[in-house]
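Note that ligands are numbered from 1 as they come in the structure, with each ligand's atoms numbered from 1 the same way. Note that the structure is a prediction, hence the values are computed from the model and not measured.
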Amino acid sequence: LIAGSTALTLTAGLAAAQTVGFSQIGSESGWRAAETTVTRQQAEERGIDLKFSDAQQKQENQIAALRSFIAQGVDAILVAPVVATGWDAVLEEAKEAEIPVVLLDRMVDSDKELYLTAVGSDLVEEGRVAGRWLVDEVAGAECRVVELQGTTGSSPAIDRKKGFEEGIAGADNIEIVRSQTGDFTRARGKEVMESFLQAENGGKDICALYAHNDDMAVGAIQAIKEAGLKPGTDIKVVSIDAVPDIFLAMAAGEANATVELTPNMAGPAFDALAAYWKDGTMPEKFIQTESKLYTQADDPQAVYEQRKDLGY
Ligand code: AHR
């Protein structure tokens, strides 16, 4: 029997349930809600006691949640960091308390020694995939693009912007003419798209929309329709996440492509934690998930049918 070890918490020959604190950003998108659902399911399947905290999009709430988890002496912390900066102090406190922290789906700019691992996709590559898709799709024709960015200061907003710009680099026919945050929400995506349409000759001067997530794209599609244009035809739509609603839009011909981000970040995170708890095995610093492109060629209606009951 081992006592006082952070890696092993066996008592009287029985494995005690591990307690994990999860600081979630909020529920700004369908993808985010799915990640929460999947994380709860993954914890339940493994007999992990998950303490859930919803930060309502505020970093200060996330920091307070992490401090509360540390005070409770949880066995690990999962955090989906709303923005990339400002985490050093609280991560140092977790390290001091010997509580491993795993980042989910977004990155921070802190020293890598301050967290155990990060599970996520290559966010820059997601943007590149979307950009390259557009280059092929327009095949040399002039294309004025509007961009809906994610939450300002978040790693997906920074990296997906960079990646898209890299993906279209060298294609002189493609130009990003407007770019603004829609905060990853459907409502803001619609509002900002309305202002883009107004500023671009009622939308007639826009060839494509690149949205950093599907929810903003779905909001924008509504705005395009209300402006009397056909999304997917008059304005091409490419976005990221691969949530069921974008496949519905694709099946209706109103969206063209999406890049998948799996909502199952918790599975690989709990696997890494299980190995760490067992014998102190250190995981890779970054556990990467896939970034698959879906287009009209992938039978969007069939994909929608497969995914619609997954709770997102
Ligand atoms: O961090 C991942 C992003 O956050 C997802 O693409 C978006 O939908 C979410 O809210």
First-shell residues of ligand 1 [heavy atom, distance under 4.0 Å]: E28, S29, W31, R32, D105, R106, P156, R160, F184, N213, D241, L261
Presence of salt bridge, K308 and E305, under 4.0 angstrom: yes
Pair S179-Q149, side-chain donor/acceptor within less than 3.5 Å: yes
Side chain to side chain donor-acceptor pair (under 3.5 Å) partners of residues 169-178, not counting sequence neighbours, each pair once: R178-E200
Going by atom type alone, with no hydrogens or angles, which donor-acceptor pairs under 3.5 Å involve a side-chain atom of residues 209-221 and a protein atom two or more places apart or on another chain?
{"from": "Y210", "atom 1": "OH", "to": "R160", "atom 2": "O", "distance (Å)": "2.9"}
{"from": "H212", "atom 1": "ND1", "to": "G150", "atom 2": "N", "distance (Å)": "3.1"}
{"from": "H212", "atom 1": "NE2", "to": "E147", "atom 2": "OE2", "distance (Å)": "2.9"}
{"from": "N213", "atom 1": "OD1", "to": "D215", "atom 2": "N", "distance (Å)": "3.4"}
{"from": "N213", "atom 1": "OD1", "to": "M216", "atom 2": "N", "distance (Å)": "2.9"}
{"from": "N213", "atom 1": "ND2", "to": "F184", "atom 2": "O", "distance (Å)": "3.1"}
{"from": "D214", "atom 1": "OD1", "to": "S239", "atom 2": "OG", "distance (Å)": "2.7"}
{"from": "D214", "atom 1": "OD1", "to": "I240", "atom 2": "N", "distance (Å)": "3.4"}
{"from": "D214", "atom 1": "OD1", "to": "T258", "atom 2": "OG1", "distance (Å)": "2.9"}
{"from": "D214", "atom 1": "OD2", "to": "A242", "atom 2": "N", "distance (Å)": "2.6"}
{"from": "D214", "atom 1": "OD2", "to": "V243", "atom 2": "N", "distance (Å)": "2.9"}
{"from": "D214", "atom 1": "OD2", "to": "T258", "atom 2": "OG1", "distance (Å)": "3.4"}
{"from": "D215", "atom 1": "OD1", "to": "G30", "atom 2": "N", "distance (Å)": "3.1"}
{"from": "D215", "atom 1": "OD2", "to": "G30", "atom 2": "N", "distance (Å)": "3.3"}
{"from": "D215", "atom 1": "OD2", "to": "R186", "atom 2": "NE", "distance (Å)": "3.3"}

Set of residues satisfying salt bridge (charged side-chain N to carboxylate O under 4.0 Å, His left out) with respect to K225, sequence neighbours excluded: E254
Interatomic spacing from CZ in R307 to CD1 in I246 - rounded to 0.5 Å: 12.0 Å
